[in-house]
2 protein chains.
Amino acid sequence: MLTYSEENYLKTIFHLSLGQKKGVSTNAIAAKIETKASSVTDMIKKLNEKQLIKYQKYQGVTLTAEGIMAAKMIVRKHRLWEVFLVEKLGFNWDEVHDVAEELEHIKSEKLINKLDAFLEYPTQDPHGDPIPNAKGEIKLVDKQLLSEIDINTKVVCVGVKDSSSEFLQYLDKHKISLGTVIEIVDIEPFDQSYTIGLHQHTITITKKIASNLYVKVISA
Amino acid sequence: MLTYSEENYLKTIFHLSLGQKKGVSTNAIAAKIETKASSVTDMIKKLNEKQLIKYQKYQGVTLTAEGIMAAKMIVRKHRLWEVFLVEKLGFNWDEVHDVAEELEHIKSEKLINKLDAFLEYPTQDPHGDPIPNAKGEIKLVDKQLLSEIDINTKVVCVGVKDSSSEFLQYLDKHKISLGTVIEIVDIEPFDQSYTIGLHQHTITITKKIASNLYVKVISA
DNA sequence: ATATATTTTTAGATTTGTCTAAAATTTAGT
DNA sequence: ACTAAATTTTAGACAAATCTAAAAATATAT
Ligand SMILES: [Mn+2]
Ligand SMILES: [Mn+2]
Ligand SMILES: [Mn+2]
Ligand SMILES: [Mn+2]
């Protein structure tokens with residue numbers, strides 16, 4: 001049985017290991033979890049003992065198959081609860097993360113599978129992130145950052161890279177949500193700011209915004 | 001902010017103090033929480049510091065107004081989650097308690113009030129126990145134990161005193177649930193066993209069963 | 001290649017909640 | 001009222017998860 005804290009470490013290591021092939025560093029984990037590197041080292045030893053990660057001093061960590069599955073189940077719970085909060089309880093997408101951080105640790109396989117059924121087996125959470133199924137399978141949809149798209153392209157918003165409350169509220173303010181169609185009207189060479197056409201209006205967004213919005217190309 | 005453990009102690013003290021006017025004893029708490037008396041003493045000191053209970057050495061404890069409200073909010077959460085699990089996710093009434101024991105500690109007032117609305121403000125949980133509203137008010141319904149009812153009376157089952165899985169499964173086996181009409185056909189003087197008429201059949205139950213079923217008299 | 005900076009680990013302390021064993025207090029029985 | 005039994009508290013220990021400060025290992029930069 002995993003503790004609350006062990007689960008948070010596993011999930012964090014899982015997320016950090018996605019973007020790279022090398023082992024995840026102690027400091028990277030410490031930064032994400034907002035703890036000290038020495039605390040990370042302690043926990044790493046424990047997870048290594050439990051065979052959930054592979055660890056060699058000073059070389060960072062990688063998840064074992066068992067560790068990956070455990071991490072995926074936590075991500076599954078987190079994202080299913082987020083769907084529940086938005087779809088059933090009427091939360092806004094910027095309000096669900098912290099509550100889901102708690103709910104993801106509730107230990108009942110039956111609960112999560114019944115919740116999954118109740119929500120009609122969603123494949124994505126309110127931020128466009130994929131929800132692992134009961135077997136841990138993740139259906140990856142192809143998506144790109146808006147910042148990688150060329151001028152004169154029509155795209156649809158399918159997710160956010162940053163799901164902080166601040167960023168999501170920015171999107172709300174500009175009426176951008178998942179499913180919103182965006183037309184790239186202009187890209188300013190000087191600062192890579194994008195002028196984009198939305199449903200009714202045209203706005204200019206910074207590169208920072210563009211590189212946190214996942215989109216899918218509709219037409220060139 | 002209360003810890004998981006502090007919340008469990010408060011809830012336990014609340015339940016134990018309902019049936020009596022004196023302070024709740026250390027041993028009674030230890031038995032309910034399944035811990036040692038010395039651990040209870042330690043926690044009691046902490047809750048006393050926090051002004052959630054009143055404590056005098058060797059004299060047991062009583063909740064303060066603040067402690068009562070905190071306890072009620074935990075009970076509220078526990079019972080609302082139980083309703084959710086049964087009504088929305090299709091759990092049986094004997095499967096919900098342990099999961100609700102975890103869910104009751106999720107810290108979000110917004111969550112619980114939205115859940116309350118989603119469930120359409122239920123006043124009772126799946127075991128017939130009252131659900132405190134957001135202000136902590138509890139709507140008491142009058143009910144008696146079946147063991148207190150006279151012969152030749154028609155009653156309706158409105159709750160259970162023991163909500164253990166074993167007892168609830170016994171009731172399921174005999175097709176007794178909340179709302180079931182029960183007619184008291186005979187009471188055996190020798191062992192106080194009851195012969196009761198149900199919808200389609202007649203069964204005999206022990207005194208132990210009768211003293212764990214809450215009923216409301218329909219007619220004499 | 002060697003010095004410097006950064007990262008990671010160790011050593012030792014702290015907090016929370018628990019335990020056992022022993023001492024203190026209260027309760028009950030005669 | 002006195003003694004025995006039960007309850008409650010204290011003292012000291014321990015495991016989990018964290019921290020600070022110092023030491024060890026690795027990475028970087030000239
Ligand atoms: Mn989230
Ligand atoms: Mn999400
Ligand atoms: Mn319950
Ligand atoms: Mn209940």
Side-chain angles (χ1 to χ4, degrees), chain A residues 1-13 16-17 19-63 67 70-71 74 101-102 104-105 107, chain B residues 1-14 16-17 19-63 67 70-71 74 101-102 104-107:
Chain A
M1 188 70 109
L2 299 173
T3 67
Y4 192 102
S5 193
E6 287 169 341
E7 289 191 338
N8 277 337
Y9 275 88
L10 283 179
K11 188 185 59 162
T12 299
I13 295 166
L16 290 172
S17 63
Q20 63 180 112
K21 43 185 168 278
K22 301 203 65 182
V24 177
S25 78
T26 301
N27 264 3
I29 298 168
K32 254 281 167 69
I33 283 182
E34 293 183 286
T35 186
K36 301 293 164 177
S38 55
S39 307
V40 174
T41 302
D42 287 344
M43 180 57 87
I44 271 175
K45 287 178 183 168
K46 206 164 73 165
L47 295 174
N48 188 55
E49 280 299 307
K50 291 195 173 188
Q51 315 244 38
L52 294 161
I53 61 176
K54 279 175 78 176
Y55 167 57
Q56 300 212 114
K57 270 192 198 176
Y58 295 100
Q59 301 311 128
V61 298
T62 51
L63 291 167
I74 302 160
E101 283 294 310
E102 290 191 57
E104 74 190 3
H105 301 289
K107 291 187 176 20
Chain B
M1 187 70 107
L2 298 173
T3 67
Y4 192 103
S5 193
E6 288 169 341
E7 289 192 339
N8 278 337
Y9 275 88
L10 283 180
K11 186 184 61 163
T12 299
I13 295 166
F14 177 74
L16 289 172
S17 64
Q20 62 179 114
K21 44 186 167 277
K22 301 202 66 182
V24 176
S25 78
T26 301
N27 265 2
I29 298 167
K32 255 283 169 66
I33 283 182
E34 293 183 288
T35 186
K36 302 293 164 178
S38 54
S39 306
V40 174
T41 302
D42 287 344
M43 181 56 87
I44 271 174
K45 286 178 183 167
K46 205 164 76 167
L47 295 174
N48 188 54
E49 280 300 306
K50 290 195 174 189
Q51 314 246 37
L52 294 161
I53 61 176
K54 279 176 78 173
Y55 167 57
Q56 301 213 114
K57 271 191 196 177
Y58 295 100
Q59 302 310 129
V61 299
T62 51
L63 292 167
I74 302 160
E101 283 294 311
E102 290 191 57
E104 74 190 4
H105 301 289
I106 302 291
K107 292 188 176 22

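Worth knowing before you read on, the calculation uses all heavy atoms, side chains too, and leaves out hydrogens, waters and symmetry mates.
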* Less than 3.5 Å between a donor and an acceptor, one on the side chain of B:S38 and one on the base of D:dT8, is that the case here? -> no
* Asked: Checking all strands, does B:T41 fall into the base, sugar-phosphate, or nothing category for heavy-atom contacts under 4.0 angstrom?
  -> base
* NZ of B:K36: more than 12 outside heavy atoms within 6.0 angstrom? -> no
* **Strand contacts (DNA chain C) in residues 3-13 of chain A, 4.0 angstrom heavy-atom criterion** => none
* Taking only side-chain nitrogens and oxygens of B:S25, does any of them come within less than 4.0 Å of OP1 or OP2 of D:dT7? -> no
* Structure fact -> Of C:dT10, D:dA24, D:dT10, the nucleotide closest to the side chain of B:K57 is D:dT10
* Asked: Under a 4.5 Å cut-off applied to non-hydrogen side-chain atoms, are A:I53 and A:V24 in contact?
  -> no
* Structure fact -> Residues B:Y4 and B:E101: closest non-hydrogen pair is OH-O, 4.0 Å
* **Nearest to side-chain heavy atoms of A:Y55, which nucleotide of D:dT7, C:dC19, C:dT9** => C:dT9
* Between C:dT8 and A:N27, is there an OP1 or OP2 to side-chain N/O distance shorter than 4.0 Å? -> yes
* Under 4.0 angstrom between B:K45 side-chain N/O and D:dT10 OP1 or OP2 -> yes
* To do: Assign each of B:Q59 and A:Q59 to its nearest nucleotide of DNA chain D by heavy atoms, then name whichever residue's nucleotide is nearer the 5' end.
  => B:Q59
